[in-house]
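Since the model is a prediction, treat every value here as computed from it, not as a measurement.
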Amino acid sequence: QLQASGGGLVQTGGSLRLSCVASGSNSNYVGISWFRQVPGKEREGVACFSFGDDKKYYVDRVKGRFTISRDKDKATVYLQTNSLKPDDTGVYYCATDTVPSPCQVVLRDYRGLDIWGKGTLVTVSS
């Protein structure tokens, strides 16, 4: 199971740290990815942390502003979001699977992941 938290309301330029805690039988998880969804639109990839090789991958629009990291002891993956913009507004979900897949593939198609946490809402005001 995954549980996302850390969302909130911030002004443009602000920061939030989102957390995704894995509980239960998580030893087979191959990585954690973050996705964003706004009403009426498809869920879109944001960032991915691959556990097998500790590689991180970001979509272009968040590069240089967002950082994904992992605390293995706490079974938690963080998404530090800085320099937030109104376009970053949305519900953020974390997701994983037990079947390995490259981050680039995962972030292009959220439907490949089977394990999802409940989202956390990020609202960036202008």
Side-chain angles (χ1 to χ4, degrees):
Q1 288 183 340
L2 300 177
Q3 179 65 52
S5 63
L9 172 64
V10 294
Q11 293 184 333
T12 296
S15 299
L16 287 171
R17 188 176 78 159
L18 309 184
S19 300
C20 178
V21 180
S23 61
S25 301
N26 57 31
S27 61
N28 293 326
Y29 292 171
V30 296
I32 295 283
S33 296
W34 285 94
F35 295 81
R36 180 182 74 105
Q37 188 167 26
V38 296
K41 292 192 176 181
E42 286 280 303
R43 201 165 290 188
E44 59 180 19
V46 177
C48 171
F49 193 116
S50 173
F51 292 165
D53 52 13
D54 283 346
K55 283 190 175 178
K56 306 168 189 180
Y57 188 83
Y58 303 90
V59 297
D60 286 345
R61 65 174 188 84
V62 306
K63 282 180 182 176
R65 300 189 297 122
F66 291 10
T67 302
I68 192 169
S69 62
R70 180 191 187 191
D71 185 329
K72 198 173 181 180
D73 292 338
K74 294 182 179 179
T76 300
V77 168
Y78 301 99
L79 184 68
Q80 178 67 42
T81 65
N82 297 329
S83 301
L84 284 163
K85 307 173 183 178
D87 285 348
D88 295 317
T89 293
V91 178
Y92 283 71
Y93 297 90
C94 57
T96 188
D97 208 306
T98 58
V99 178
S101 184
C103 276
Q104 295 92 322
V105 173
V106 166
L107 293 182
R108 278 201 300 267
D109 189 355
Y110 68 91
R111 288 167 291 229
L113 298 175
D114 287 339
I115 303 166
W116 289 82
K118 290 184 179 180
T120 185
L121 177 62
V122 172
T123 305
V124 185
S125 63
S126 56

*Can L18 and S5 be said to form a side chain to side chain contact (heavy atoms under 4.5 Å, CB included), step by step?*
CA-CA 6 Å; L18 309 184; S5 63; over 6 Å; no

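- For S125 against L9, the heavy-atom pair with the smallest separation is CB-CD1, 4.4 Å.
- Remark: K74 pairs with D71, T76, Y78 by the side chain to side chain contact (heavy atoms under 4.5 Å, CB included) rule, at least two apart or across chains.
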*Please step through side chain to side chain contact (heavy atoms under 4.5 Å, CB included) for the pair Q104 and V106, ending with a clear verdict.*
CA-CA 6 Å; Q104 295 92 322; V106 166; over 6 Å; no

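- The stretch residues 96-126 participates, sequence neighbours left out, in these ring pair (Phe, Tyr, Trp, His ring centres under 6.0 Å) pairs: F35-W116.
- Applying the side chain to side chain contact (heavy atoms under 4.5 Å, CB included) test to V30 and every residue at least two apart in sequence or in another chain returns P100.
- For S23, the side chain to side chain contact (heavy atoms under 4.5 Å, CB included) partners are Q1, not counting sequence neighbours.
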_Audit row: V77, W34, side chain to side chain contact (heavy atoms under 4.5 Å, CB included) steps and yes/no_ = CA-CA 10 Å; V77 168; W34 285 94; 3.9 Å; yes

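- For F51, the ring-ring contact (aromatic ring centres under 6.0 Å, His included) test picks out F49, with sequence neighbours left out.
- The side chain to side chain contact (heavy atoms under 4.5 Å, CB included) test applied to V10 returns L16, L84, V124, not counting sequence neighbours.
- Among residues at least two apart or in separate chains, disulfide bond (SG atoms under 2.5 Å apart) pairs with a member in residues 16-46 are C20-C94.
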Donor-acceptor contacts, no H, no angles, side chain residues 55-68, under 3.5 Å, sequence neighbours left out:
from: Y58; atom 1: OH; to: I68; atom 2: N; distance (Å): 2.9
from: D60; atom 1: OD1; to: K63; atom 2: NZ; distance (Å): 3.1
from: R61; atom 1: NE; to: E44; atom 2: OE2; distance (Å): 3.4
from: R61; atom 1: NH1; to: D88; atom 2: OD1; distance (Å): 3.2
from: R61; atom 1: NH2; to: E44; atom 2: OE2; distance (Å): 3.1
from: R65; atom 1: NH1; to: S83; atom 2: O; distance (Å): 3.0
from: R65; atom 1: NH1; to: D88; atom 2: OD2; distance (Å): 2.7
from: R65; atom 1: NH2; to: R61; atom 2: O; distance (Å): 2.9
from: R65; atom 1: NH2; to: D88; atom 2: OD1; distance (Å): 3.1

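- Between D87 and K85, no side-chain nitrogen of the basic residue sits less than 4.0 Å from a carboxylate oxygen of the acidic one, so the salt-bridge criterion is not met.
- With sequence neighbours left out, D53 forms a side-chain hydrogen bond (donor to acceptor under 3.5 Å, both in side chains) with S50.
- Qualifying side-chain hydrogen bond (donor to acceptor under 3.5 Å, both in side chains) partners for S15, counting only residues two or more places apart in sequence or in other chains: N82.
- Within the structure, disulfide bond (SG atoms under 2.5 Å apart) contacts touching residues 30-79 (residues at least two apart or in different chains) are C48-C103.
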